[in-house]
J.: 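One structure, pasted below without further comment.
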There are 2 protein chains.
Amino acid sequence: MAKADTKTRLMDAAEQLVRHRGADGFSYADLSTSIGIQKASIHYHFPAKSDLLQAIMEQYSRQVIEILEGFCDTLPSPAEQLRAFVDFYRLALQEGDCLCLCVALTIGKESLSEGTQKAVLNFRAAVQKWLENRFAQLLSPPSATWGSPSEEAAATLALVEGAQVSARIATDPRHFDHATRAFCNRLP
Amino acid sequence: MAKADTKTRLMDAAEQLVRHRGADGFSYADLSTSIGIQKASIHYHFPAKSDLLQAIMEQYSRQVIEILEGFCDTLPSPAEQLRAFVDFYRLALQEGDCLCLCVALTIGKESLSEGTQKAVLNFRAAVQKWLENRFAQLLSPPSATWGSPSEEAAATLALVEGAQVSARIATDPRHFDHATRAFCNRLP
DNA sequence: GTCTATAACTCGATAGAC
DNA sequence: GTCTATCGAGTTATAGAC
């Protein structure tokens, strides 16, 4: 692969900044020093900040959904696929102070464009669907200790995102492991 | 009770603003229009914004911990106390776009003073402890379908906070109910 | 495509009158 | 305690040269 072009480098750097500081917590000036280009030049690639946010959310959505679908191809059982899902959100934490893009964008929701808000909702719906399908396989026949696939899917997404919040505020990824351990042990 | 003084009104308005938009998402100008006082006058009560954030975090912490301890006095079983805990986080959502103060402060963590970050950590430790004691009662004798009280406490806090994120991004509190239903049904 | 320069605005914070 | 007035820095965004 050739050296990444400016647009790609901008999006990658912006994604990291958003996930560390939120949409309101970084500026074009930060991006400017981060990749060594003048502030004004960024506007050539992304005229408004909302364009940039929407672009990284859509790219993130494509990438993550592709990874999740990859789990289905490479891992034999729904329990292992769900474990890989938890591990993926654990990995996203990096050193403990980085959130998944969804959570990072949720707080400053009011400053998002309508298109970006829709992209976040579409992404979450896709993840919910993926989880639902895993639980539908895992829970057939139904079990008394589990809820419906739809409920368990929503609970699992909430669990990993909440566990990221716990880890992030303490800057310690072990909080994520602690909060998700009981769930992982419940899996067969 | 007499009419609330300016300081109290400022703190209450600021808490609502933070929970709706995050620490970076509101300004003294917003507060000014919200309670009908000039921007500069706010600095008399809270010289710096970090002073205001720390004051509302500490007030919030005292209020919530008092409420949680009240559940222990008025509700007979740990299962009912845990249900009341979930209901409390549900109520905090308001119309679906309001987060608990902890989550709202987590994203803009870098812009918090050291004292405010400590106040958030102390509060979360107190909630974790409260949950742990409830699960210790609930799970004696230990059950095969549950983890340790400490793990279940961390998981429950992560679940309700993650469920708030789900509800907030969709501006629909029913997402919270859906994500927490399986947990509530697992309770005896 | 990237640059310099700058417009137009908002931010937190301060000074000093009342 | 609250006001008017203002400062200096930071913000997104634009104009125009190269």
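Worth saying up front: this structure is predicted, and the values here are computed from it rather than measured.
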J.: Any ring pair (Phe, Tyr, Trp, His ring centres under 6.0 Å) involving residues 69-94 of chain A? Give me the pairs, sequence neighbours left out, ordered by first then second residue.
T.: A:F85-A:Y89, A:F85-A:W130

J.: Distance alone, cut at 3.5 Å: any donor-acceptor contact between the side chains of A:Q38 and A:S41?
T.: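 No.
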
J.: Provide the closest heavy-atom pair for B:R186 versus A:E152 in the form atom of the first, atom of the second, distance.
T.: NH1-OE2, 3.6 Å

J.: Check DNA chain D against residues 104-114 of chain A and give the residues with a non-hydrogen atom under 4.0 Å, in numerical order.
T.: none

J.: Strictly below 4.0 Å: does A:Y44 bring a side-chain N or O up to OP1 or OP2 of C:dG1?
T.: yes

J.: Please determine, by modelled atom types, if A:Q94 and A:Q16 share a side-chain donor-acceptor pair under 3.5 angstrom.
T.: yes

J.: Would you mind reading off the distance between B:D24 atom CG and C:dT10 atom P, rounded to a whole angstrom?
T.: 18 Å

J.: Only counting residues at least two apart or in another chain, list the ones meeting side-chain contact (heavy atoms from CB on, under 4.5 Å) with A:D172.
T.: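 Testing A:D172 for side-chain contact (heavy atoms from CB on, under 4.5 Å), a comparison that skips the adjacent residues, returns A:A170, A:R174, A:H175.
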
J.: Without decimals, in angstroms, what is the distance between A:Q38 CD and C:dT4 C1'?
T.: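 Those two atoms, CD and C1', are 8 Å apart.
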
J.: Classify every nucleotide of nucleotides 6-18 of chain D by which part a protein heavy atom approaches to under 4.0 Å, writing B for the base, S for the sugar-phosphate alone and - for neither, in 5'-to-3' order.
T.: -----SBBBB---

J.: Which pairs, with at least one residue in residues 38-64 of chain B and sequence neighbours excluded, count as a ring pair (Phe, Tyr, Trp, His ring centres under 6.0 Å)?
T.: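 Sorted result for residues 38-64 of chain B: B:Y28-B:H43, B:Y60-B:F123.
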
J.: Rounded to the nearest angstrom, tell me the gap between atom CD1 in A:I35 and atom C1' in C:dG1.
T.: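 The distance from CD1 of A:I35 to C1' of C:dG1 comes to 12 Å, rounded to the nearest Å.
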
J.: OP1 or OP2 of D:dG1 sitting under 4.0 Å from any side-chain N/O of B:S41?
T.: no

J.: Counting side-chain heavy atoms from C-beta on, which of C:dC3, C:dT2, D:dT2 comes nearest to B:T6?
T.: D:dT2

J.: Go through the steps to decide whether B:S148 and B:S150 satisfy the test side-chain hydrogen bond (donor to acceptor under 3.5 Å, both in side chains), and finish with yes or no.
T.: CA-CA 5 Å; B:S148 71; B:S150 167; 4.8 Å; no

J.: Side-chain heavy atoms under 4.5 Å apart, restricted to Ile/Leu/Val/Met/Phe/Trp/Tyr: what other residues fall into the cluster of A:V165, or is it alone?
T.: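 Answer for A:V165: A:L99, A:V103, A:I107, B:L99, B:V103, B:I107, B:V165.
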
